[in-house]
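Per chain, numbering begins at 1; letters A, B, ... match sequence-line order.
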Protein chains: 2
Amino acid sequence: MEHSSQVLKGVLDMCLLAIIEEEPSYGYEMVDKLQEKGLELVSEGSIYPLLSRLQKKGYIQGYFVESQGGPPRKYYRIEAAGQEQLRRWAREWTRVSAGVEEVLNGGEREQTADA
Amino acid sequence: MEHSSQVLKGVLDMCLLAIIEEEPSYGYEMVDKLQEKGLELVSEGSIYPLLSRLQKKGYIQGYFVESQGGPPRKYYRIEAAGQEQLRRWAREWTRVSAGVEEVLNGGEREQTADA
DNA sequence: CATGATACCTTGCTACGAAAGGTACCCGGT
DNA sequence: ACCGGGTACCTTTCGTAGCAAGGTATCATG
């Protein structure tokens with residue numbers, strides 16, 4: 001398995017929430033959007049359980065919309081609880097990713113400040 | 001479980017490698033160092049299997065050092081292969097974390113450029 | 001000698017995405 | 001009328017990986 005996909009764990013749900021917040025979307029399309037952002041490692045089957053979980057927790061709400069040229073799409077829109085959760089997760093992500101960055105830079109602070 | 005610990009998955013090994021590269025260290029101390037950087041979520045038992053795995057792959061090398069006031073410490077130093085792997089993982093991390101950041105910022109590019 | 005801190009390691013548990021497979025709809029070609 | 005292929009959904013099986021908890025050993029202290 002790709003090492004990077006491991007990083008996605010625990011962040012995928014946050015990403016889905018962020019995508020839906022920007023604009024309601026459906027599963028098949030979200031995979032595309034993630035790929036556009038460089039997260040090309042998400043297999044399609046992975047996100048459906050995630051979406052169900054998010055809905056069960058009241059973060060998002062699904063609804064079907066007919067489409068021409070294919071089966072109906074299940075769009076999801078974000079709920080108030082979802083927005084709050086997204087804020088929390090985003091804060092957490094920022095904190096953790098900053099910590100990782102710090103570990104990576106180690107003691108070499110001199111080159112971080114300025115060239 | 002904390003959501004943030006999920007994020008650590010797939011990044012912890014990279015962090016350990018980074019810590020050891022900066023300066024040889026032992027398990028008990030690495031947990032402390034991680035906590036200092038804000039990654040307070042790592043339980044001690046988690047990192048020993050990781051260290052063994054890293055050694056098995058030839059990324060690091062362990063050696064015991066006597067200590068006063070406690071049992072001997074198992075220090076690890078980084079190997080050449082480990083340094084290469086660290087570079088690769090770090091590049092991957094940068095790419096993925098940038099992607100996540102982009103998803104989080106969504107379409108709101110205007111506030112990213114400048115205040 | 002018992003307690004507690006340091007320091008190592010192991011064993012179940014659970015969570016979560018990957019991979020693969022399955023269903024169904026709709027269009028276009030033959 | 002039939003079949004292939006793209007769209008779009010969902011489910012099941014599997015492996016990985018950290019967490020939680022527990023176990024062992026060393027050394028200092030009361």
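Side-chain N or O atoms of Ser67(B) include one that pairs as donor or acceptor with a backbone N or O of Pro71(B) at under 3.5 Å.
Computed from coordinates, the Met30(B) CE to dG18(D) C1' distance equals 17 Å when rounded to whole Å. Per the geometry, CG belonging to Asp13(A) stands 14 Å off P belonging to dA15(C), to the nearest Å. At whole-Å resolution of the value, NZ in Lys74(A) and C1' in dT11(D) are 14 Å apart. As a whole-Å value, the separation of Leu16(A) CG from dC16(C) P is 13 Å. We find that CG of Leu50(B) is positioned 13 Å from C1' of dC9(C), with the value rounded to whole Å. Rounding to whole angstrom units, OH of residue Tyr28(B) and P of dC9(C) are separated by 14 Å. Rounded to an integer number of Å, the gap from Glu66(A) CD to dC27(C) P is 12 Å. In this structure, Met14(A) places its CE atom 14 Å from P of dC16(C), rounding to the nearest Å.
Inter-residue side-chain proximity for Ile20(A) and Leu51(A) is flagged as met; some heavy-atom pair is nearer than 4.5 Å.
Within 4.0 Å (heavy atoms only), Glu44(B) reaches at least one base atom of the nucleic acid. Among the protein residues, Leu8(A) comes within range of no part of the nucleic acid, since none of its heavy atoms lies under 4.0 Å from any strand. Among the atoms of the strands shown, only primed sugar atoms or phosphate atoms (P, OP1, OP2) are found under 4.0 Å from some heavy atom of Leu12(A). Counting non-hydrogen atoms under 4.0 angstrom, Gly45(A) reaches a base of the nucleic acid.
When distances are taken from the side chain of Ser43(B) to each of dC9(C), dA20(D), dC9(D), the shortest belongs to dA20(D). Closest to the side chain of Tyr48(A), from the set dC9(C), dA8(D), dA7(C), is dA8(D). Nearest nucleotide to the side chain of Pro49(B), out of dC10(D), dT11(D), dT10(C): dT10(C).
In this model, the phosphate group of dC19(D) is approached by a side-chain N or O of Ser46(B) to a distance below 4.0 Å at OP1 or OP2. Distances shown here put every side-chain N or O of Tyr26(A) at or beyond 4.0 Å from the OP1 or OP2 atom of dC9(D).
Taking the six-membered ring where tryptophan is involved, the planes of Trp89(A) and Tyr59(A) are perpendicular, since the angle between them exceeds 60° and thus also 30°.
Between Glu21(B) and Arg87(B), at least one side-chain N (NZ, or NE/NH1/NH2) sits under 4.0 Å from a carboxylate O, which counts as a salt bridge. A salt bridge is defined here as a Lys NZ or Arg NE, NH1 or NH2 lying under 4.0 Å from an Asp or Glu carboxylate O, and Lys33(B) with Glu22(B) fails to meet this definition.
With DNA chain D read from its 5' end, the first of the two nearest nucleotides for Gly70(B) and Arg53(B) is the one closest to Arg53(B). Nearer the 5' end of DNA chain C, as judged by each residue's closest nucleotide, is the contact made by Ser67(B), out of Ser67(B) and Ser67(A).
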